[in-house]
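One structure is given below, encoded as structure tokens.
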Amino acid sequence: MRHGSINLTIDSHFKNVFLVGLAVQRICSSIPLSDQSTYEIELAVVEAVNNSIEHACHNEPGHPISVQLSLSADRITVIVSDSGESAESLRETPALDTVDPLHPPERGRGLQIMRAVMDEVAYRTDGAFNLLTMVKYLPITPAGDA
Amino acid sequence: MEQQEPIHTDAVVATVLETRLDASSAPALKKRITALIQNGYIRIALDLSAVEFIDSSGLSVLVSALRQLPEDGDLVLIGPRNTVLSMFKLTRLDRVFRIFGEPAPALAALSARTIECAMDR
């Protein structure tokens, strides 16, 4: 499998998020990943960018949001960064399986979804930038197969 | 956004034509569903078969629709693709919505609910 890294930057508006999603989907579909895993990585990235727009940029256009996607032999690493308002840390969220079927919450599933579909999710602030790093481990393929 | 086919005075099949149900497209769908409910369509079958991608914003619109319905209302979902269906399972919303692979059983479920509510009156 080929290795590499790409940076994508969009303006902080929900109408632009699909562009990042489609790029991630296309990249992921070119490596040995199931359709489900490809969908989940795209979803996690979309949720992370949505969170940046909503919580860091307060739904205000005009702020750059960057997505760096790196492919290596055993993992895909995605770093979503913005220079908006930082969260102190990733807030605690209830597990998805604690949802009351009679009273489901209307919102607040983005972070839960990211945590559920990715192998690692971490948040930090570095100077002026907020960085959300997500990692998905790739299935091990026999040498020469990919 | 969606095609609508009334099947009863208070029941409708609405087909979502958007392939991505995300933070960009979800508000428009929310408005359309709200308009349906305000126009008296309180039993809704929502055909999701064209939807290729749904995120938490899309799921939120469906939960919001459910919450807007009166007690004798109903919202059933038709034909989600496997990846879309997996999001309902992941978020446990498959316990909240009745989800059908094909339109016929979904419409039968809505009709049964119509008869059941008529008998309650």
Side-chain angles (χ1 to χ4, degrees), chain A residues 10-22 24-25 28-29 33-55 57 59 61 65 93-118, chain B residues 1 16-31 33-34 37 46 48-71 73-77 80-99:
Chain A
I10 60 166
D11 187 68
S12 53
H13 196 296
F14 288 128
K15 70 180 172 62
N16 297 321
V17 180
F18 84 100
L19 294 167
V20 175
L22 290 180
V24 170
Q25 178 198 101
C28 291
S29 62
L33 270 180
S34 66
D35 289 347
Q36 183 64 34
S37 292
T38 295
Y39 185 94
E40 290 174 355
I41 295 169
E42 177 187 359
L43 178 68
V45 174
V46 166
E47 295 290 355
V49 176
N50 284 347
N51 271 3
S52 283
I53 293 173
E54 184 176 353
H55 299 297
C57 304
N59 296 316
I65 297 176
T93 54
L96 285 164
D97 57 7
T98 62
V99 170
D100 176 358
L102 295 177
H103 304 94
E106 194 171 318
R107 294 169 48 79
R109 292 184 180 82
L111 183 54
Q112 293 169 302
I113 288 174
M114 283 184 259
R115 283 179 163 144
V117 302
M118 300 298 277
Chain B
M1 171 58 66
V16 178
L17 300 178
E18 292 280 357
T19 57
R20 295 180 72 88
L21 202 44
D22 57 14
S24 180
S25 63
L29 178 62
K30 187 173 184 175
K31 277 187 187 172
I33 295 176
T34 299
I37 296 169
L46 200 60
L48 297 177
S49 57
V51 177
E52 298 171 357
F53 180 88
I54 188 167
D55 67 6
S56 62
S57 304
L59 295 172
S60 293
V61 166
L62 303 181
V63 173
S64 168
L66 203 58
R67 287 180 159 195
Q68 289 180 65
L69 288 170
E71 200 172 320
D74 203 358
L75 172 64
V76 300
L77 307 177
R81 298 171 186 220
N82 285 341
T83 44
V84 171
L85 181 60
S86 74
M87 289 304 103
F88 285 88
K89 292 178 177 172
L90 177 73
T91 55
R92 308 300 189 259
L93 289 176
D94 60 328
R95 301 178 191 170
V96 174
F97 292 99
R98 287 190 293 163
I99 303 174

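We name chains A, B, ... by the order of the sequence lines, and we start the count at 1 in each one. Every heavy atom of this structure was used, including side-chain atoms; hydrogens, water molecules and symmetry mates were not.
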Point to revise | Nearest-0.5 Å distance that lies between atom CG in L43(A) and atom OG in S56(B) | key: 7.5 Å

Point to revise | Region of L62(B) in contact with chain A, defined by heavy-atom distances below 4.5 Å | key: neither

Revision key, fill the gap. Checked K15(A), E54(A), E47(A) vs chain B; the most non-hydrogen pairs under 4.5 Å come from E47(A)

Exercise for review: Name the region of D22(B), side chain, backbone, both or neither, that has any atom closer than 4.5 Å to a heavy atom of chain A.
Suggested key: side chain

Practice item. Check T83(B) against D35(A) and note the closest heavy-atom contact, atom names and distance. Key: CG2-O, 4.3 Å

**Study point:** Side chain to side chain, R109(A) and V63(B), heavy atoms closer than 4.5 Å
**Key:** yes

Study note, to complete from the structure: With chain B, the option among N16(A), V46(A), V117(A), T38(A) that has the most non-hydrogen atom pairs under 4.5 Å is V46(A)

Revision key, fill the gap. On a heavy-atom basis, the closest approach of S24(B) and F14(A) is CB-O, 3.6 Å

Exercise for review: Kindly give the heavy-atom pair with the smallest separation between Y39(A) and E52(B), and that separation in Å.
Suggested key: CE1-O, 3.3 Å

Point to revise | Per-residue contact mode, V17(A) against chain B (heavy atom under 4.5 angstrom) | key: neither

Point to revise | Non-hydrogen side-chain atoms of L22(A) and F53(B) separated by less than 4.5 Å | key: no

Point to revise | Option that, when pairs with chain B are counted at under 4.5 Å, heavy atom only, ranks first among Q36(A), Q25(A), E40(A) | key: Q36(A)

Exercise for review: Please list, chain by chain and in numerical order, all residues satisfying side-chain hydrogen bond (donor to acceptor under 3.5 Å, both in side chains) with S57(B), sequence neighbours excluded.
Suggested key: none

Check your understanding: Just how far is it from atom CG of D55(B) to atom CZ of F18(A), taken to the nearest 0.5 Å?
Key -> 13.5 Å

